[in-house]
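Atom set for the values below is all heavy atoms of this structure, side chains included, hydrogens, waters and symmetry mates excluded. Lettering follows sequence order; numbering is per chain, from 1.
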Amino acid sequence: MTAPADVSALSVVGTPVARRELAEKVTGRTRYTADLHRPGMLHGRVLRSPHPHARIVRVDASAALRLPGVHAVLTPEDAPQQPIDRDLRALEPLVRFAGEEVALVAAESEAQAEDALRAIEVVYEPLPAVLDPEAALAPGAPEVHPGGNLVGGKPLVVQRGDVAAGFAQAARIFEGTFRTQAHAPVAMETRAALAEWEGDRLTLWKTSRAVHASDRPLLARGLGIPAERIRVICTAMGGGFGNKDETRLGVLTALLARKAGRPVRVEYSRREEVLGGRNRQATVNRLRIGVRVDGTPVAIEQRSVMDAGAYISSGINVNRRTGQGALYLYTCPNARYEGHAVYTNRPAGGSFRGLGAPLGHFAVEVLADEIAAALGIDPLDYRLRHHVTAAGQPGTRVTAPDALLPDEPVEGGVPFSSNALRACLLVGAERIGWHRRRPDGAEPGERVRGLGVAMGTYKGGAGREAEAELHIAESGRVALHLGLTDVGQGSATVLAQIAAEALTLPAERIETVMADTARTPPGHVTAGSTTTFSTGEAVRRAALAAAEQLRRRAAEMLGVAAARLEAGRLISEDGRRSLALEEVAAGLGAELVTRWRWNAGSSTHIVNSFAAHFAEVEVDRRNGHIRVLRYVAAQDSGRIVNPRLAAGQVSGAVLQFLGIALREELFLDPRSGVTLNPSFLEHKSTAIVDFPAVEVLFLGEPDPVGPYGAKALGEPPVVPVFAAIANAVANAAGVRLHEVPFTPQRVLAALKAQGRLVP
Amino acid sequence: MTPARATVTLTVNGVARTLDVEPRETLLDVLRERLDLTGAKRACDRGECGACAVLVDGRPINACHVLALQVRGREVVTIEALAGRPEFQPILAAFIHHDAGQCGFCTPGFALAAHALLQRHPAASDALIRWELVGHICRCNAYDGLAAAVAAARDARKPS
Ligand code: FES
Ligand code: FES
């Protein structure tokens, strides 16, 4: 473990600094991608397939090209056929889901482009489609991609110990099948891109969470030009949630602009965002837990089947993370996860907040309640007895001694850098009033109330190569240059606080320059809740290196042996003479640039964040309606860099997942393969009146590895939500829910099946 | 076929404008694409989310849901102009203090709606504040911050 940072006296980290550029956002001055205009800019629109699986025989754009204002049409014939991602080409003469991109038009107005889309004639040869992953795995099923529908040709298997031996020791074995349905992430801002060519150089403004790590290499492949000739910029992001990239949008916009000879902007409609974006995959999780007589888990086994849709994108990681709860939440020597990612002719899945963790945790945490109930143990007590502790899992370390430990832990014998799960359970229980909890289904009547608990663990932010660059100009201007994007979570604010802390400056003194390949060092993708932990440490080190150089120069200027930096001034050892940071900067003779790159993580400890959530619900046993009365989220994310932003991020995460838990679902017509509800209204987005204010608690100590003690925060609070609600419903109404979302229909069906309906 | 055109005269942020538009262009299209007023966002284009809210004759409406032709002769105020008014400052301050926006894409719409609701109901209860904002969607779900901010702006405005 690296030496703990000296966090005895922090002045900026840990304070509620106001969110960067929030005034500009509130007053409409922030320019998002679709707000940008370039001289001579055309509007691009996309023609999408009505078929879930079809060969494109012919595209005739001649009529479209004759329409007023139309400058170019891009068809599969114009697109290079080399893959831009593992299974994705820019445009192919084959479509694999209803809504897939077929052609694009550039015209002077969006309306003219729309008209032109209607004038394009496409001859399709429909092919048999497969819309269900089980059917897709059956012999003889239509192939979505050559080589079979099981992505990678085999399931992902990760294990610790020997589950067969574990089950052999078990006094009882509990099992269940748990389903989670597909839904759309629906960031408020839809995907957009604006491409402008100058000769053979491209500038692309785009909604992006990885201008360096994803867009630029993808564009270089798709356009067949070197990455150095491509500049990608994301001016501001209207929500990411781990989603937003991974599509062809950038490449297609650039190709269209090249063909039209003018800048082109493409902005997805809400419907296109759902169809052509990347959705949350549906999963079926079969879980078995073997326990001793007293309930101690001795074997945990999960088999997951994920509907990846037509393209895998980040689905591999989603599949991997679906096993995280089974593999690591409870102390158990034997655990095995087998995850199948399966292609179907549905709109493509991708990454979304929490990856698979909330899906798998749902199964684990509901089955844990069922075990506790069967053994007559209070579910909170059950968790307090068996949750994974700071010691980690039993067993022997497998990772080589000096290698960084994986951020998705499997092996035993490795401790956590910090783990406040127990405090989260105890303090959260106190806050919700757990002592009020009655036995499951004990309350009579039509509307019944109950309490539920669920835990979660999630990677703490390690596992990314991160880089930061700090510029101190002779004028004294301090700027932090970072390749990643503030997708809306507030990373610009938090990372500036970290730099400010190291430089003993107020946070406002640090400018942030982000997400522009021409002005920033390579940055990792804004994903996996890694920003504060990984880039935060790079920022801290770059700033400390700058501080060191300032101190040295100040000592020279003051003619003393050494100087210290305090509250933005450089002070001689005897404290008698001092210089302002600007004076020393002016004395440097050139801009001072410090850089730090590091591979975030630890070779001795696993870094994870933890949470325990408590819900109080009311269930109407006549109509299956669930009302959330109270929700307490207790989080261990180490030191909280900015309590104001953090509280909003946790509350937003919980509310977002309460909506998904109760309502959000994408419906596909099983005959045509067409998505039926690609809109805010029909996808049932959460509104401000739907849930009570979330009670957010931050527990735990500063983490010894993270910068100033911080660990991941963006995703961990979504992980326990489904199970917290399901367990509260079980306590209220005495029925177990095994399928998300918990719509009134599903609750009613469960009440009926389990004999708890009030007619 | 050349689409029909129409002339629309209206006031936007205090400036009289005469524009030559296609009849199918919405007020939002005109504001964003012709006048470069992009504070009103396009998030659904069908009246479901409130991101495109503007004031027309002082009342909040979804600009994606009216045609430019329907606001002939009317007075349109967008967030860009509202932001400069003295009575908006407590709202701005409260939005920042309560961190009422995360990605910020829905935020101009909420801020404009907050202004309109406090004009109409200066003493709105906390529950009424939430119900008045029900037509606005925030996918970051910054709802707790939003509700707290509007309540704080109400308290700051009313000389209690
Ligand atoms: S964009 Fe107008 S209501 Fe959504
Ligand atoms: S702040 Fe992101 S949608 Fe509201």
Side-chain angles (χ1 to χ4, degrees), chain A residues 16 18-19 21-32 34-37 43 67-68 109-112 115 185-190 236-241 267 269-270 487-490 644-645 647-649 651-656 659 679-681 685-691 693-694, chain B residues 1-3 22 24-25 29 32-33 36-49 51 78-80 82-84 88 91-92 95-108 110-112 127 129-131 133-148:
Chain A
R19 185 180 295 268
E21 286 176 27
L22 185 50
E24 287 81 357
K25 288 175 174 176
V26 175
T27 56
R29 277 177 292 161
T30 300
R31 294 272 177 169
Y32 300 82
D35 299 333
L36 304 172
H37 292 94
H43 296 264
L67 290 176
S109 75
E110 264 200 333
Q112 289 172 330
D115 291 344
V186 207
M188 205 65 192
E189 174 201 38
T190 59
M237 268 274 268
F241 317 123
E267 179 188 354
S269 68
R270 177 57 48 196
V487 296
Q489 84 278 44
R644 182 188 298 177
L645 268 59
Q649 198 173 16
S651 134
V654 168
L655 294 174
Q656 189 174 48
S679 72
F680 280 132
L681 212 57
S685 287
T686 298
I688 194 167
V689 293
D690 291 344
F691 300 111
V694 178
Chain B
M1 117 214 118
T2 312
E22 276 190 51
R24 60 182 163 178
E25 280 181 63
D29 292 335
R32 291 179 54 82
E33 301 303 332
D36 199 29
L37 290 167
T38 55
K41 304 296 179 198
R42 179 156 72 167
C44 72
D45 223 16
R46 46 184 263 183
E48 296 177 351
C49 75
T78 69
I79 189 72
E80 286 92 342
L82 183 64
F88 185 75
I91 295 176
L92 177 57
F95 267 57
I96 291 169
H97 186 77
H98 291 276
D99 199 36
Q102 293 181 18
C103 76
F105 205 76
C106 68
T107 321
F110 270 99
L112 189 129
I129 285 173
R130 286 194 181 241
W131 277 108
L133 295 173
V134 80
H136 291 255
I137 292 173
C138 172
R139 283 299 291 184
C140 296
N141 284 267
Y143 291 131
D144 292 342
L146 282 159

Structural part of A/Val694 lying under 4.5 Å from a heavy atom of chain B: both
A/Arg270 side-chain N/O to B/Ala43 backbone N/O, donor-acceptor pair under 3.5 Å: yes
Part of A/Glu110 within contact of chain B (heavy atom distance under 4.5 Å): side chain
Side chain / backbone / both / neither for A/Pro16 at chain B, heavy atoms under 4.5 Å: neither
A/Lys25 to B/Pro108 - nearest heavy-atom pair and separation: O-CG, 3.3 Å
With A/Phe241 via ring-ring contact (aromatic ring centres under 6.0 Å, His included) - residues at least two apart: none
Contact winner vs chain A - B/Gly104, B/Ala40, B/Gly84, heavy-atom pairs under 4.5 Å: B/Gly104
Heavy-atom proximity to chain B below 4.5 Å, by part of A/Glu267: side chain
Contacts of type side chain to side chain contact (heavy atoms under 4.5 Å, CB included), residue A/Thr27, not counting sequence neighbours: A/Arg29, B/Ala83, B/Phe88, B/Leu92
A/Met237 portion near chain B, given a 4.5 angstrom heavy-atom threshold: backbone
B/Phe105 and A/Tyr32 aromatic ring geometry - parallel, tilted or perpendicular at 30°/60° bounds: perpendicular
Residue A/Ser679 versus chain B: region with a heavy atom under 4.5 Å: both
